[in-house]
Amino acid sequence: MGTLAGKRIVAGICGGIAVYKAASVVSKLVQAGADVRVIMTRAACEFIAPMTFETLSHHRVLTDLWDEPLAHVELAYSADLFVLMPATYNIIGKLAHGIADDLLTTTLAATRAPVLVIPAMESQMYSNPILQENKKKLTELGYRFLEPEKGRLASGREGIGRFPSEEKILTAIEEILTEHALLKGHRVLVTAGPTREMLDPMRCITNKSSGKMGYALAEQARNFGADSVHLISGPTQLEPPAGVEYVRVESAEEMKNAVLERFAQFDLILMAAAVADWRPKKVFSQKLKKSGARELALVLEKTPDILAELGRRKKKSQILVGFAAETEKLLEHAREKLKEKNLDIVVVNDITAPGAGPEVETNIVTLLYRDGKSETLPCLPKHEVAKEILRRVAQLL
Ligand code: CTP
């Protein structure tokens, strides 16, 4: 339990029957060396007296916004992690809608620490689409949720909504604390999506990249505690992750300018964009008419190779990760790119394999390192692939 020692964990205790189990979690966290500060909502105090948490945490329990005018700010800034348990329908709704009407919600509004939400409630409340919508919104904003378990509920009914086991909660807390420290002190630049090379005002050359891999990398880099994450993206249908600086570009040329302008300020650069290699040599200012012509021959010229340029400019302190979408001779091509573009890692995938490629939610990647070693990850959802890549990259940093 070394990860918990000395960490300040703010336990936000809400009014649900599982509050007595939350008391036991607080006790375990304190035993593991964490500095636990407890905030209870009014409803929580209806279930259990603050004295219980005061005794377990060895600190005064805070319940009222008006007791100490700056308590919320002090806790918000000093926390390494917030744990909301049991998270009620009400607190999840308030959080998702920016309501700060008591000490707990006001403190949450002021923090940048990761927040672990542990819901526990009757199954029909948990499956209510309003709660699910709020949960989705909060997840997109970076809040972590631990799923409740199925089984006997306080009402005597069976269903989903049980407070998870202490063991699961402690593992989740440890994982978040470990992850959140991985990219602390680092600045991360990610590119994503396709580029669009115009032929005339209507037509363009582009590719099938969805941007999902790059967006997942930016989102996870934020979750891993990076000081700053910038995402430079070509045209995609995706929403930029919250808390990430977003730059939208169209062409390879625009992406190059956006990347080169910022490159020197970052120590980790992940070039996940599927940059077009070719663009029409002549761009027509008016829409091309087909009148009379039987054929149209296009002359294409090469776009700038952004990554190769970064490889030339790279300093020792910078880690450069390239991506290679291949259809054959994966490792051979990846090895060439690693060498030619002076990369630290190439992430290569076979876009024709089932479970990999631009249009699916999963990916199967192989990481190739400078020392010639390679490692193939199993088929995973793209956000999990992003985590695995960042865990490995963080070791190089
Ligand atoms: N890349 C880039 N600029 C380009 C083309 C590619 O920065 N004009 C980057 C991509 O973002 C990716 C890596 O280079 O990280 C490899 O891209 P890929 O298209 O697989 O390789 P290419 O070098 O373009 O070679 P080829 O298309 O011949 O496989």
Side-chain angles (χ1 to χ4, degrees), residues 188-198 204-218 221 230-236 238 247-264 266 268-281 300-314 318-353 356-359 363-370 374 382 385-386 389-390 392-393 396:
V188 182
L189 179 66
V190 184
T191 65
T195 62
R196 200 182 264 171
E197 312 300 329
M198 297 312 287
C204 62
I205 294 180
T206 185
N207 59 61
K208 282 164 79 175
S209 166
S210 64
K212 284 178 192 147
M213 200 57 243
Y215 279 60
L217 284 163
H230 287 216
L231 173 63
I232 299 177
S233 171
T236 72
L238 305 171
V247 184
R248 166 70 201 255
V249 295
E250 286 277 315
S251 63
E253 190 65 32
E254 277 180 34
M255 186 171 277
K256 182 192 88 177
N257 294 336
V259 170
L260 292 186
E261 213 173 275
R262 292 166 178 82
F263 178 62
F266 292 86
L268 170 58
I269 302 95
L270 299 134
M271 192 76 202
V275 186
D277 288 327
W278 300 96
R279 65 184 169 207
K281 189 160 185 187
L300 303 177
E301 65 178 6
K302 271 199 175 152
T303 58
D305 191 323
I306 307 168
L307 192 55
E309 180 58 33
L310 299 184
R312 284 190 283 275
R313 296 185 182 202
K314 182 167 96 90
Q318 290 176 306
I319 298 288
L320 201 52
V321 182
F323 288 73
E326 303 288 350
T327 52
E328 56 170 3
K329 300 183 190 155
L330 264 63
L331 280 182
E332 198 180 308
H333 287 147
R335 223 165 256 131
E336 281 162 17
K337 284 173 193 174
L338 184 115
K339 202 160 165 256
E340 277 164 22
K341 303 194 190 195
N342 188 23
L343 308 177
D344 297 284
I345 302 183
V346 176
V347 181
V348 59
N349 70 332
D350 177 354
I351 45 172
T352 62
E359 277 156 339
N363 208 351
I364 309 166
V365 303
T366 299
L367 280 82
L368 183 70
Y369 299 87
R370 251 180 127 87
S374 67
K382 284 184 176 161
V385 177
I389 293 171
L390 290 174
R392 284 158 180 80
V393 170
L396 297 185

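Just so you know, these numbers come straight off a predicted model, no measurement behind them. Counting starts at 1 for both ligands and their atoms, following the listed order.
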Hey, are Lys281 and Glu301 close enough for a salt bridge, meaning a charged N less than 4.0 Å from a carboxylate O?
-> no
If only atom types and distance count, is the side chain of Glu197 paired as donor or acceptor with the main-chain N or O of Ala252 below 3.5 Å?
-> yes
Glu332/Arg335 ion pair, N-O < 4.0 Å = no
Is any side-chain heavy atom of Val190 closer than 4.5 Å to a side-chain heavy atom of Ser233?
-> no
Can you pull the residues with any heavy atom under 4.0 Å from ligand 1?
-> Met271, Ala273, Val275, Ala276, Asp277, Thr303, Pro304, Asp305, Ile306, Leu307, Gly322, Phe323, Ala324, Ala325, Lys337, Lys341
Just jot down the side chain to side chain donor-acceptor pair (under 3.5 Å) partners of Arg262, sequence neighbours excluded, or say none.
-> none
Side chain to side chain, Phe263 and Leu320, heavy atoms closer than 4.5 Å = yes
